[in-house]
Amino acid sequence: MTGPAAPAGEYAVVVPTLGRPSLAACLRALAESEGPRPARVVLVDDREDPAVPLTASVPPALRSRTVVVPGGARGPAAARNAGWRAAGDAPWIVFLDDDVVPGPTWADDLALDLAGASVATAGIGARIEVPLPVDRAPTDWERNVAGLAGARWITADMAYRRKALEAVGGFDERFRRAFREDADLALRVLDAGWTLAEGRRTTTHPVRPADRWVSVRLQAGNADDVLMTRLHGRDWWRRAGAPRGRLPLHLAVTSAGLAAAVCALTGRPRAASACAAGWLAGTAEFALARIRPGPRTRDEIVTMALTGALVPPAAAWHWLRGQVRHRATPAHRHRAAPPSPSAAAPSGERMPT
């Protein structure tokens, strides 16, 4: 015999984490937010070798309803799956990143978001704010993070209906980085006949410190873009509202550099010079395009010059790696539509304000 169903507006919060210091600020803001508290908070410890217990970051107001589950160091998609499956029977699962700060009225606003959802609304996003310096132009890294403010369906703060997660199987655990796993889930949910909405709650995403090579490491996401194309077709960019980026130019610049090296080694100096000139022009254009909108400090200029030469080949390498790794990946197949699709609002609906 089963117990009574959970209230329709009840929610659980899932936070995958690597134990970063920002986790304490996230949970403190969650505890202090005005409104109904989550039925359960699930911290998914995705560290390979946990050294300090995550419970040290949990404020007293949340301790009785917080559980910690292991993530197995398999990435955020797998961690979120482990989290929502351990979240009890709450009908809504709110995914938060461990470096965001829910607003002071977040819980009240979330309650309004959930109450306004139609029967076919699978997910409700938050409004993400990224604070930027007011006394200078933002750096390239700061502009990169600021792009989250306009991104769709990002799991920095995204509420999903449990039934929708169950219907599509949750996150695709082939996405091992915090990149595109949220867009993939959203497209699969939409393909299954659900709708997604934008809510009224607000969450802040601070810009965390990063070293000068962060833009080079981020190029690993090009392999995930290949997987997205295999799964969702070449138009997935448009459907997900994702920027295309500079991959075609990176491939062209990298090809010019490789061609210059090959021509030089095979004794064709004129061709080598022409190709080298193309590589230099493309590299300089890329660096200048990132320097102009920035603070133009010495350190920023040096960083843009150094990474301007490394980002194109890194992007090309990860794109090729993705082509090989995902060459046999079949396209995503649509699943059955949700209950009562006639009650659905148009895809991309906005919650009333």
Side-chain angles (χ1 to χ4, degrees), residues 20 22 97 99-101 103 125-158 177-180 182-183 198 202-226 228 236-257 276-319:
R20 295 185 291 190
S22 58
D97 284 350
D99 57 351
V100 302
V101 181
R127 298 173 180 176
I128 304 297
E129 296 181 347
V130 180
L132 295 175
V134 297
D135 58 342
R136 60 167 175 79
T139 64
D140 179 72
W141 168 238
E142 290 166 343
R143 295 194 303 275
N144 180 286
V145 178
L148 296 174
R152 303 170 70 185
W153 314 319
I154 60 172
T155 42
D157 184 343
M158 184 74 187
R177 284 169 293 276
F179 190 68
R180 303 304 190 206
D182 42 14
E198 180 184 342
T202 300
T203 292
T204 299
H205 193 303
V207 180
R208 68 177 185 271
D211 61 50
R212 70 176 8 145
W213 309 111
V214 62
S215 61
V216 180
R217 293 194 299 273
L218 289 177
Q219 301 313 307
N222 284 284
D224 298 307
D225 284 347
V226 173
M228 287 290 290
W236 75 265
W237 304 89
R238 176 187 57 79
R239 296 173 59 212
R244 287 300 303 266
R246 296 176 60 106
L247 179 63
L249 293 176
H250 291 334
L251 294 176
V253 170
T254 302
S255 297
W279 172 84
L280 182 61
T283 301
E285 183 277 331
F286 178 45
L288 288 173
R290 299 162 74 203
I291 290 171
R292 286 194 185 103
R296 304 185 190 181
T297 60
R298 180 180 181 277
D299 185 68
E300 179 74 355
I301 292 172
V302 170
T303 297
M304 295 302 98
L306 293 173
T307 58
L310 296 176
V311 163
W317 163 253
H318 288 294
W319 178 79

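- For Gly221 against Arg177, the heavy-atom pair with the smallest separation is N-NE, 4.2 Å.
- For the residue pair Gln219 and Ala315, the shortest heavy atom distance occurs at OE1-CB, 3.5 Å.
- Minimum heavy-atom separation, Ala256 to Gly278: CB-C, 4.3 Å.
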Quiz item: Can Met158 and Asp182 be said to form a side-chain contact (heavy atoms from CB on, under 4.5 Å), step by step?
Solution: CA-CA 9 Å; Met158 184 74 187; Asp182 42 14; over 6 Å; no

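- In terms of heavy atoms, Thr204 sits closest to Pro131 at CG2-CD, 3.6 Å.
- In this structure, the side chains of Arg290 and Thr307 come closer than 4.5 Å at one or more pairs of heavy atoms.
- For Trp317, the CH2 atom counts as loosely surrounded, since its 6.0 Å shell holds 12 or fewer non-hydrogen atoms of other residues, nucleotides or ligands.
- One N or O on the side chain of Thr254 and one on the backbone of Pro312 form a donor-acceptor pair closer than 3.5 Å.
- Checked by atom type and distance alone, the side chain of Asp140 never pairs as donor or acceptor with a backbone atom of Arg143 at under 3.5 Å.
- Side-chain contact check for Arg208 versus Ser22: every heavy-atom pair is 4.5 Å or farther apart.
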Exercise. Walk me through it: do Asp299 and Arg212 pass the test side-chain contact (heavy atoms from CB on, under 4.5 Å)?
Key: CA-CA 9 Å; Asp299 185 68; Arg212 70 176 8 145; 2.9 Å; yes

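- Using a 4.5 Å heavy-atom threshold, the side chains of Phe286 and Leu249 count as separate.
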Quiz prompt | Audit row: Asp225, Trp319, side-chain contact (heavy atoms from CB on, under 4.5 Å) steps and yes/no | solution = CA-CA 8 Å; Asp225 284 347; Trp319 178 79; over 6 Å; no

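- Of the listed residues (Val311, Thr303, Leu310), just one forms a side-chain contact (heavy atoms from CB on, under 4.5 Å) with Ser215, and that residue is Val311.
- Interatomic distance, Arg152 CZ to Arg239 CZ, rounded to the nearest 0.5 Å: 10.5 Å.
- Nearest heavy atoms, Pro209 versus Trp141: C-NE1, 4.4 Å.
- Of the candidates Val145, Asp99, Val130, Val101, Pro206 forms a side-chain contact (heavy atoms from CB on, under 4.5 Å) with just one, namely Val101.
- Separating the CG atom in Leu288 from the CD1 atom in Ile301 is a distance of 9.5 Å, to the nearest 0.5 Å.
- Between Ala289 and Arg246, the shortest heavy-atom contact is CB-NH1, 4.2 Å.
- Atoms CZ and OG1, from Arg127 and Thr203 in turn, are 11.5 Å apart once rounded to the nearest 0.5 Å.
- Note on Glu300 versus Arg136: no salt bridge recorded, every NZ/NE/NH1/NH2 to OD/OE distance being 4.0 Å or above.
- Between Arg217 and Asp211 there is a salt bridge, since a side-chain N of the basic residue sits under 4.0 Å from a carboxylate O of the acidic one.
- Here His318 contributes atom NE2 and His250 contributes atom NE2; the two are 12.0 Å apart, rounded to the nearest 0.5 Å.
- For the atom pair CD1 (Ile154) and CG (Leu148), the distance works out to 4.5 Å, reported to the nearest 0.5 Å.
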